[in-house]
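Step one of this worksheet: look at the structure below.
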Amino acid sequence: MSDEDDLDDFEPELEKEEDEKETEEWEDYKKEGEEFSEEWMPVPLTENMMKEGLSLLCKTGNGLAHAYVKLELKDRDLTDINLLHSYIHLRYVDISENHLTDLSPLNFLTHLLWLKADSNQLRTARLNELPYLQIASFAYNQITDTEGISHPRLRSLDLKGNHIHMVTGLDPQKLNSLHTLELRGNQLESTLGINLPKLKNLFLAQNLLKKVEGLENLSNLTTLHLRDNQIETLNGFSMEMKSLQYLNLRGNMVNDLGELAKLRDLPKLRALVLLENPITDETDYRQEALVQMAHLERLDKDFYEEEERIEADEIRQRIKEEQEQEAEPEHDLELDQPLV
């Protein structure tokens, strides 16, 4: 997803590409769900399947032997992967698009670096601590919680398209390397439970969120994606979110220009997306955003022009002068008070 890229340069086409990809993925997922049947013929993993799927011959830990470390078992109608427990040298495993409900055989793969288990019938992502696992994807399953995920080197976790209502069990002490968390397309009603200080990219689009809370201390967060929720106010942002550069609130319910002032404490915010919110119908919407956030470079799909910046500077200066004038009579009154 383009939101996950470094945001040194914002491309005008970013939103279009992102929107198209999100729509296509979501429609595919819903179509798969309509075709879903809980009754599958048992298809256990066999040695022949293993021979077909294994690749990438590498040295083992002691350097004296070799083993295949990559396994691709995508779309094999598998219901059982018990055979995997004896392939302890595997580092890269793709078991997506099967009918798996149990991943416990993966607990034996203590050298695992990369796991893709998308589009199965999983109800949990729980595994034993895998010391080297860096990338894990459990997208488009039937997972209902975030418990049992405690891999110390995990950098990227994808749980989009599941049935998660609340984030629980994500321990910042154990997940101290996690920088990207994808939770798009779940049933989240709150942003509480995401207390992961090392997090850089957080994707929470297409949930049931009505407000932002519990994210105030994410000081390393650069990308926050909240598209297609039910957010009405812009509370929950703080100056502690000092790295946030890209904020997507498209398709929410923000309707008051005064809410924009709640974002002015975000020192590095450079791109803000509020398309498909009632606030965008306000006459001074674009100007007010720049008045409140002088460092903003792009609002929705358009970059600010120099003329707009000059006008916003003038408005800020005028507001400052008016505030100073209002404060002067109070100051003079204090000086006129008799000394006791």
Side-chain angles (χ1 to χ4, degrees), residues 3 7 10 14-15 190-192 194-195 199 201-205 207 209-331:
D3 282 352
L7 297 173
F10 296 113
L14 177 99
E15 283 303 312
S190 172
T191 57
L192 291 172
I194 310 177
N195 182 28
L199 206 60
N201 307 300
L202 178 57
F203 301 93
L204 298 170
N207 279 284
L209 302 172
K210 294 184 177 180
K211 60 181 178 179
V212 177
E213 55 185 337
L215 305 182
E216 297 90 345
N217 296 321
L218 299 185
S219 59
N220 290 302
L221 194 68
T222 61
T223 300
L224 179 55
H225 202 292
L226 292 160
R227 180 181 174 177
D228 294 336
N229 280 284
Q230 302 166 24
I231 297 170
E232 297 181 8
T233 70
L234 298 180
N235 297 323
F237 296 92
S238 78
M239 63 180 62
E240 296 300 316
M241 303 171 78
K242 58 186 179 182
S243 301
L244 190 61
Q245 299 179 36
Y246 177 83
L247 176 59
N248 191 328
L249 286 155
R250 182 172 184 166
N252 278 278
M253 301 168 66
V254 181
N255 60 15
D256 186 349
L257 281 178
E259 293 296 316
L260 294 172
K262 298 174 182 178
L263 301 179
R264 63 186 172 197
D265 288 333
L266 300 173
K268 290 190 177 179
L269 188 64
R270 296 168 59 190
L272 174 63
V273 183
L274 280 165
L275 290 167
E276 298 172 27
N277 279 266
I279 193 176
T280 61
D281 296 328
E282 296 291 330
T283 304
D284 298 326
Y285 155 66
R286 186 171 173 82
Q287 182 185 80
E288 181 64 19
L290 190 57
V291 169
Q292 296 296 342
M293 296 164 278
H295 45 274
L296 201 61
E297 295 181 8
R298 178 166 71 94
L299 180 64
D300 301 330
K301 296 180 181 293
D302 299 317
F303 284 86
Y304 278 104
E305 301 292 339
E306 184 61 27
E307 293 80 2
E308 293 177 292
R309 294 193 174 282
I310 293 172
E311 185 176 359
D313 287 341
E314 292 173 350
I315 293 173
R316 275 192 297 273
Q317 182 62 33
R318 187 162 62 247
I319 292 172
K320 181 180 178 181
E321 291 172 356
E322 291 173 354
Q323 291 174 339
E324 290 174 349
Q325 289 175 1
E326 290 174 0
E328 283 177 2
E330 296 179 7
H331 181 65

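Computed from a prediction, not measured in an experiment: that's the story for all the values here.
Residues Asn277 and Met253 approach most closely at OD1-N, 3.1 Å, considering heavy atoms. Residues Ser243 and Ser219 share a closest heavy-atom pair of OG-O, 2.7 Å. Among all heavy-atom pairs drawn from Leu290 and Arg309, the shortest one is CD1-NH1, 3.6 Å. Taking each heavy atom of Leu218 and Ile194 in turn, the nearest pair found is CD2-O, 3.6 Å. A pairwise comparison of heavy atoms in Tyr304 and Arg298 identifies CD1-N, 4.3 Å as the closest pair. Here the shortest heavy-atom pairing between Asn201 and Phe203 reads CB-CE1, 3.7 Å.
The side-chain heavy atoms of Leu215 and Leu202, taken from C-beta on, include a pair separated by under 4.5 Å. The closest side-chain heavy-atom distance from Leu249 to Val254 is not below 4.5 Å. The shortest distance between side-chain heavy atoms of Leu247 and Leu226 falls below 4.5 Å.
Applying the side-chain hydrogen bond (donor to acceptor under 3.5 Å, both in side chains) definition to pairs two or more places apart or across chains, those involving residues 258-269 are Asn235-Lys262, Glu259-Lys262, Arg264-Gln292. Residue pairs meeting the salt bridge (Lys or Arg N to Asp or Glu O under 4.0 Å) criterion with at least one member in residues 277-295, sequence neighbours excluded: Arg286-Glu308.
Note that CD of Gln245 is 9.0 Å distant from CD of Glu297, once rounded to the nearest 0.5 Å. In this structure, the separation between CD on Glu213 and NZ on Lys211 is 4.5 Å, given to the nearest 0.5 Å. The line from CG of Asn255 to CD of Glu232 is 7.0 Å long, rounded to the nearest 0.5 Å. Expressed to the nearest 0.5 Å, how far CG of Leu263 lies from CG of Leu274 amounts to 7.5 Å. A distance of 7.5 Å separates OG1 of Thr222 from CG of Leu244, quoted to the nearest 0.5 Å.
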>> The test is side chain to side chain contact (heavy atoms under 4.5 Å, CB included); show your working for Leu269 and His295 and say whether it passes.
In response: CA-CA 7 Å; Leu269 188 64; His295 45 274; 4.2 Å; yes

>> One pair to check against side chain to side chain contact (heavy atoms under 4.5 Å, CB included): Ile231 and Val212. What are the steps and the verdict?
In response: CA-CA 8 Å; Ile231 297 170; Val212 177; 4.1 Å; yes

>> Could you walk me through whether Met293 and Leu299 satisfy the side chain to side chain contact (heavy atoms under 4.5 Å, CB included) test, starting with their C-alpha distance in whole Å, then the side-chain angles of each, then the deciding distance to 0.1 Å, before giving a yes or no?
In response: CA-CA 11 Å; Met293 296 164 278; Leu299 180 64; over 6 Å; no

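When atom types are taken as modelled, the side chain of Asp313 and the backbone of Glu311 share no donor-acceptor pair closer than 3.5 angstrom. Counting only distance, with no hydrogens or angles, the side chain of Asn252 and the backbone of Gln230 share a donor-acceptor pair below 3.5 Å. In this structure, Asn220 contributes its side chain and Leu199 its backbone to no donor-acceptor pair below 3.5 Å. A donor-acceptor pair is defined here as one N or O able to donate and one able to accept, closer than 3.5 Å; no such pair exists between the side chain of Asn207 and the backbone of Leu209.
Remark: the Tyr285 side chain and the Asp300 side chain contain an N/O donor-acceptor pair separated by less than 3.5 Å.
Residues forming a side-chain contact (heavy atoms from CB on, under 4.5 Å) with Ser238 (at least two apart in sequence, or on another chain): Glu216, Glu240, Met241.
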